[in-house]
Amino acid sequence: MKRRIVLLGPPASGKGTQADRLSKLLGIPHVSTGALLRSECTRGTPLGIEADSWTSRGLLVPDELAVRLITGWLEAHGTTFLFDGFPRSVGQAERLDAILGSLFAPLDLIILLELGDDEICRRVTARLTCLKCGATFSPFLNGLSVHDPCPRCGSPLAKRNDDSVEALNQRLNVYRKITLPVVDYYERTAPKLLHRISAEQESDAVFDDIKTLVWENDRED
Ligand code: AMP
């Protein structure tokens, strides 16, 4: 079974939802840098305040800050993880390789969830997020409104301030310019680990594809 997994994909491709399901199934921690940053921001920490000046404009936080967050997480929790939203730049991918190399714990699966712009926009502009536990919900699938409590932890649901159309356009530009090159990087450095899955499919079908990859070649391991 794969134990060090990276999930890549544009906003609303379902990285968080799939990572969460997989984390429960495998007992591997789900690490979302976006959720970690939102939690820092809600708690008003210096890191959170610095991060918010970038995230609220749909921009990536500087690599240094994202790498600091992940390094701290690895030190505290060990080298079994499902990364959702990290790495998001080639610089971060290189740093992650170096850090994991020094721990003798290389990545063993990289999944790219692919989704077209129209569907991204439809999903993002409608979705609701729990600012406490970080879960996201689609009103289309879950029938929830902003007045309902989070089905998971009971806290209020809200629209993320970077889920506006303006911030989304910015995030998509950033995704194409800065994050998609990470896919080229892994195509060059780790082609056997990289797999693409269509996120246009129903969520359950995406999850089935992911599970297949997680256990693929296990008999040879
Ligand atoms: P997400 O919840 O994954 O959509 O992330 C929300 C926001 O957090 C992003 O738009 C970025 O501003 C910031 N962020 C999350 N992960 C990273 C990262 N690895 N590098 C830089 N910024 C990040």
Side-chain angles (χ1 to χ4, degrees), residues 4-20 22-23 29-43 45 47-74 81-100 107 110-113 115 117 119-121 123-138 150 157-183 185-186 199:
R4 283 181 288 278
I5 303 170
V6 162
L7 275 176
L8 301 170
S13 55
K15 299 187 297 293
T17 306
Q18 298 296 339
D20 213 38
L22 199 56
S23 157
H30 167 194
V31 191
S32 154
T33 37
L36 290 177
L37 290 169
R38 279 189 290 282
S39 149
E40 296 275 342
C41 181
T42 308
R43 286 184 288 127
T45 66
L47 192 148
I49 292 165
E50 188 189 340
D52 190 53
S53 67
W54 304 92
T55 55
S56 59
R57 287 180 291 151
L59 298 173
L60 294 183
V61 304
D63 280 355
E64 217 34 63
L65 205 156
V67 170
R68 209 188 326 147
L69 206 62
I70 282 296
T71 310
W73 189 92
L74 289 167
F81 55 76
L82 261 162
F83 281 165
D84 147 19
F86 186 91
R88 246 171 158 114
S89 70
V90 172
Q92 292 179 17
E94 288 170 343
R95 293 284 296 280
L96 180 63
D97 277 349
I99 295 165
L100 294 179
L107 288 179
I110 301 154
I111 297 172
L112 172 64
L113 297 178
L115 190 65
D117 286 0
E119 185 59 13
I120 292 174
C121 190
R123 291 185 191 181
V124 166
T125 48
R127 77 178 167 185
L128 296 170
T129 301
C130 173
L131 295 178
K132 176 132 189 267
C133 75
T136 56
F137 300 95
S138 158
C150 169
L157 293 175
K159 278 197 75 64
R160 275 168 47 176
N161 63 357
D162 61 346
D163 274 352
S164 64
V165 176
E166 301 74 34
L168 173 63
N169 284 333
Q170 180 62 29
R171 284 160 70 202
L172 282 177
N173 281 337
V174 167
Y175 179 75
R176 287 189 203 101
K177 268 201 213 133
I178 304 178
T179 305
L180 268 183
V182 174
V183 178
Y185 170 82
Y186 284 133

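Start at 1 with the first residue, then count along the sequence. Both counts, for ligands and for their atoms, begin at 1 and track the order of listing.
By the 3.5 Å distance cut-off applied to N or O atoms, Ser32 is not counted among the residues near ligand 1. Annotation: Thr33 places an N or O atom under 3.5 Å from an N or O atom of ligand 1; distance criterion only.
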Worksheet entry | Check against side chain to side chain contact (heavy atoms under 4.5 Å, CB included), Phe137 and Leu157 | CA-CA 9 Å; Phe137 300 95; Leu157 293 175; 3.8 Å; yes
Item to complete: For side-chain hydrogen bond (donor to acceptor under 3.5 Å, both in side chains), just list the numbers for Asp63 and Ser89, CA-CA rounded to whole Å, side-chain angles, deciding distance to a tenth of an Å, and then say yes or no.
Response: CA-CA 8 Å; Asp63 280 355; Ser89 70; 2.9 Å; yes
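Of all the heavy atoms of Leu37, the ones lying under 4.0 Å from any atom of ligand 1 belong exclusively to the side chain. Contacts with ligand 1 closer than 4.0 Å are made by side-chain heavy atoms of Arg160 only, the backbone lying farther away.
Nearest non-hydrogen protein atom to atom 22 (N) of ligand 1 is Val61 N, 3.1 Å. In this structure, atom 20 (N) of ligand 1 lies nearest to the protein heavy atom Gln92 NE2, 2.8 Å. Nearest protein neighbour of atom 2 (O) of ligand 1, counting heavy atoms only, is Arg38 NH1, 3.0 Å. The protein atom (non-hydrogen) at minimum distance from atom 18 (C) of ligand 1 is Arg88 CD, 3.5 Å. The protein heavy-atom contact nearest to atom 12 (O) of ligand 1 is Leu59 O, 2.6 Å. The closest protein non-hydrogen atom to atom 13 (C) of ligand 1 is Thr55 CG2, 3.5 Å.
Panel note: side chain Thr179, backbone Arg88; a donor-acceptor pair is recorded below 3.5 Å.
Within the structure, the closest approach of Phe86 to ligand 1 falls below 4.0 Å when heavy atoms are considered. Residue contact check for ligand 1: Lys15 places no non-hydrogen atom closer than 4.0 Å to it.
Ring geometry for Phe86 against Phe83 counts as perpendicular: the plane angle is over 60°, on a 0 to 90° scale with 30° as the lower cut.
Using a 3.5 Å distance cut-off with no hydrogens or angles, the side chains of Asp97 and Tyr186 do not pair a donor with an acceptor.
Note on Glu166 versus Arg171: no salt bridge recorded, every NZ/NE/NH1/NH2 to OD/OE distance being 4.0 Å or above.
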